[in-house]
Amino acid sequence: MAFESFGTMQVNEVGHLEIGGVDTLKLAQKYGTPLYVYDVALIKERARGFKKTFEELGVKAQVAYASKAFSAIAIYQLMHEEGLSLDVVSGGELYTAMQAGFPAERIHFHGNNKTRQELEMAVDYGIGCIVIDNFYEIEMLAEVLHEKNASVSVLIRVTPGIEAHTHDYILTGQDDSKFGFGLTNGQAEEAIRQVLAIDVFRLIGLHCHIGSQIFETTGFKLAAHRIMEQLVIWRNELGFHADVLNLGGGFGVRYTAEDQPLPPSQYVREIIADVRDVATSNRLDMPEIWIEPGRSLVGEAGTTLYTIGSRKEVPEIRSYVAVDGGMSDNIRPSLYEAKYNAVIADRPLEVAEETVSIAGKCCESGDMLIWDLPLPKSGAGEVLAVFCTGAYGYSMANNYNRIPRAAVVFVENGEDKLVVARETFENLVQLDLPLH
Ligand SMILES: Cc1ncc(COP(=O)(O)O)c(C=O)c1O
């Protein structure tokens, strides 16, 4: 695949890949590799784009950043500055957001197995909303609230029975899912009845998320349509009105030329048109629409820089080019067979002369970052830039083989700022306790 730029990415006057006005070779030199580089201007553009679309449509909305895509204090602060809300799924994400100074009332708490401690923490912080996922949680959260003499706004997560076209592991809206209450099997209605009967809950609406890396609007529209039609029935039968309809995230991004995502605003426009239709034809008040984009806010804004090391030729079969990271900083190729594109950072425009496969350094044959990548001839010490690593890269990073986690740097207007330091060997052993 030829070089394709995202956001502020360009080839500078000396022919190097530049992001946010900063030469990537200089970044690699200054901070070492592997290094996640985020284009702040592109994140802002995406955040503003989503907000503007709702404004233009005249729809009351909240755009909540799904922080599982990339969770760190700096990104929470940036999303707060951009006026977004936040979706967290664990005590750890919630704690990080609070450390970042994110206002608790704009945080929504998700998860299919929140612990009592996490629920207590959320209530103590004064969380904006808890997305109830299952019957166990209804009971436990009610207990927590009664003990604390508190109340909280809640959404009920429903699975609308939609099979979105994406990888099985990132599908979430089908009937057979670990998340949420089934819309078609009566569980969602039972959950609504239970929640309405408990005085410490303020049931403000419903939530659904059908999956991730989705390129069409059909699945989103079908899900929204089914929920809206069900809301008409529940209004008539239970007197229940949803002030909020949270339609989740899942808008696709362009990892490689195979991916053809729609502009983010188009997903929103088409979904809203459908929701409006059902609302108008059934005289249902238009609910406030919440969305939770993760990947589409930060995915394309991230690029990972690696240093090339060893090379192995398997005659007439394959050339393996190994880099100084791998499944420890980007597990998606091993987990979902995710595909990526990359260039040599000091000559992104140079014509490819060979096809190589980019291997990680972990002790797993499956630790391959990119299979069959056309590249110019490259050698040890050169910097490889892998595109579109901003979502589910750092947030899924791990210490397999005791490889320290990579650093994260933000770039904008010719300035670079370290926002997550590189893990050290000392960090790796700091929680270990000696046997004797
Ligand atoms: C409930 C929920 N909301 C939002 C998202 C964000 O999805 P994406 O990053 O594809 O936009 C996810 C991702 O798994 C999710 O589970």
Side-chain angles (χ1 to χ4, degrees), residues 38 43 46-47 49-50 53 61-71 75-76 79 84-90 93-94 97 107-114 128-134 137 154-160 162 164-174 177-181 205-217 219-220 223-224 227 244-255 259 261-268 271 289-302 330-332 335-336 338 388-396:
Y38 279 85
I43 299 174
R46 288 290 162 82
F50 277 118
T53 306
Q62 273 193 45
V63 179
Y65 167 54
S67 67
K68 68 208 78 180
F70 168 40
S71 170
I75 191 74
Y76 288 134
M79 294 305 184
L84 266 53
S85 301
L86 200 64
D87 145 15
V88 299
V89 290
S90 71
E93 286 182 357
L94 177 56
I107 304 181
H108 315 151
F109 194 13
H110 275 282
N112 70 309
N113 190 22
K114 305 176 190 78
C129 156
I130 294 182
V131 185
I132 296 183
D133 196 275
N134 51 69
E137 187 179 340
V154 296
L155 294 179
I156 287 180
R157 178 166 182 168
V158 302
T159 43
I162 302 294
H165 290 166
T166 189
H167 192 285
D168 278 358
Y169 287 5
I170 47 179
L171 254 182
T172 55
Q174 73 282 26
S177 161
K178 74 168 183 170
F179 297 106
F181 299 94
L206 301 180
H207 171 278
C208 86
H209 170 79
I210 59 169
S212 213
Q213 186 62 353
I214 298 168
F215 297 121
E216 322 162 322
T217 54
F220 291 111
I227 294 176
V244 171
L245 178 55
N246 185 331
L247 294 167
F251 316 121
V253 299
R254 188 169 169 86
Y255 289 97
D259 302 326
L262 300 170
S265 62
Q266 194 176 335
Y267 290 101
V268 173
I271 299 165
I289 303 294
W290 294 4
I291 56 166
E292 295 168 337
R295 192 188 310 269
S296 52
L297 282 169
V298 295
E300 291 173 359
N330 185 0
I331 202 169
R332 295 188 68 259
L335 198 60
Y336 313 131
C388 203
T389 58
Y392 308 102
Y394 176 77
S395 62
M396 287 189 172

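The shown structure was predicted, so the numbers you read here are calculated from the model rather than taken from an experiment. Atoms within a ligand are numbered from 1 in the order they appear, just like the ligands themselves.
Comparing Gln213, Lys68, Arg295 against atom 16 (O) of ligand 1, the shortest heavy-atom distance belongs to Lys68. Atom 8 (P) of ligand 1 has its nearest heavy-atom neighbour, among Ser212, Gly180, Ala66, in Ser212.
The heavy-atom pair separating Asp259 from Arg254 by the smallest distance is O-NH1, 2.8 Å. Heavy atoms only, all atoms of each residue included: Met79 and Val298 are closest at CE-CG1, 3.9 Å. Across Glu216 and Tyr267, no two heavy atoms sit closer than the pair O-CE2, 4.0 Å. Of all non-hydrogen atoms in Ile210 and Pro160, the two that sit nearest each other are CG2-CG, 4.1 Å. Scanning all heavy atoms of the two residues, the minimum distance from Pro261 to Val253 falls at CG-C, 3.7 Å.
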Take His207 and His110 through the test ring-ring contact (aromatic ring centres under 6.0 Å, His included) and record every step on the way to the result. CA-CA 10 Å; His207 171 278; His110 275 282; 4.5 Å; yes
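With Tyr255 contributing its side chain and Cys388 its backbone, the two residues share no donor-acceptor pair below 3.5 Å.
Close contacts of ligand 1 with Pro293, meaning ligand atoms under 4.0 Å from a residue heavy atom, involve 11 (O). Annotation for ligand 1: atoms under 4.0 Å from non-hydrogen atoms of Gly294 are 8 (P), 9 (O), 11 (O). The contact set between ligand 1 and Gly249, taken as ligand atoms under 4.0 Å from a residue heavy atom, comprises 4 (C), 11 (O). Applying the 4.0 Å criterion to heavy atoms of Asp87 picks out, from ligand 1, the atoms 3 (N), 4 (C).
If you look at Glu292 next to ligand 1, the close heavy atoms, those under 4.0 Å, come from the backbone and the side chain alike. With a 4.0 Å cut-off on non-hydrogen atoms, Val89 does not touch ligand 1 at all. Heavy atoms of Tyr392 found under 4.0 angstrom from ligand 1 belong exclusively to the side chain.
With salt bridges taken as basic N to acidic carboxylate O contacts below 4.0 Å, none links Lys68 and Glu93.
Between Arg157 and ligand 1, a contact under 3.5 Å exists for no N or O pair. The shortest N/O to N/O separation between Ala69 and ligand 1 does not fall below 3.5 Å. In terms of polar-atom proximity, Gly250 is counted as a contact of ligand 1, with an N or O under 3.5 Å from an N or O of the ligand.
Put simply, no part of Ser296 is less than 4.0 Å from ligand 1, judged by heavy atoms.
Under the salt bridge (charged side-chain N to carboxylate O under 4.0 Å, His left out) criterion, Glu292 pairs with no residue, sequence neighbours left out.
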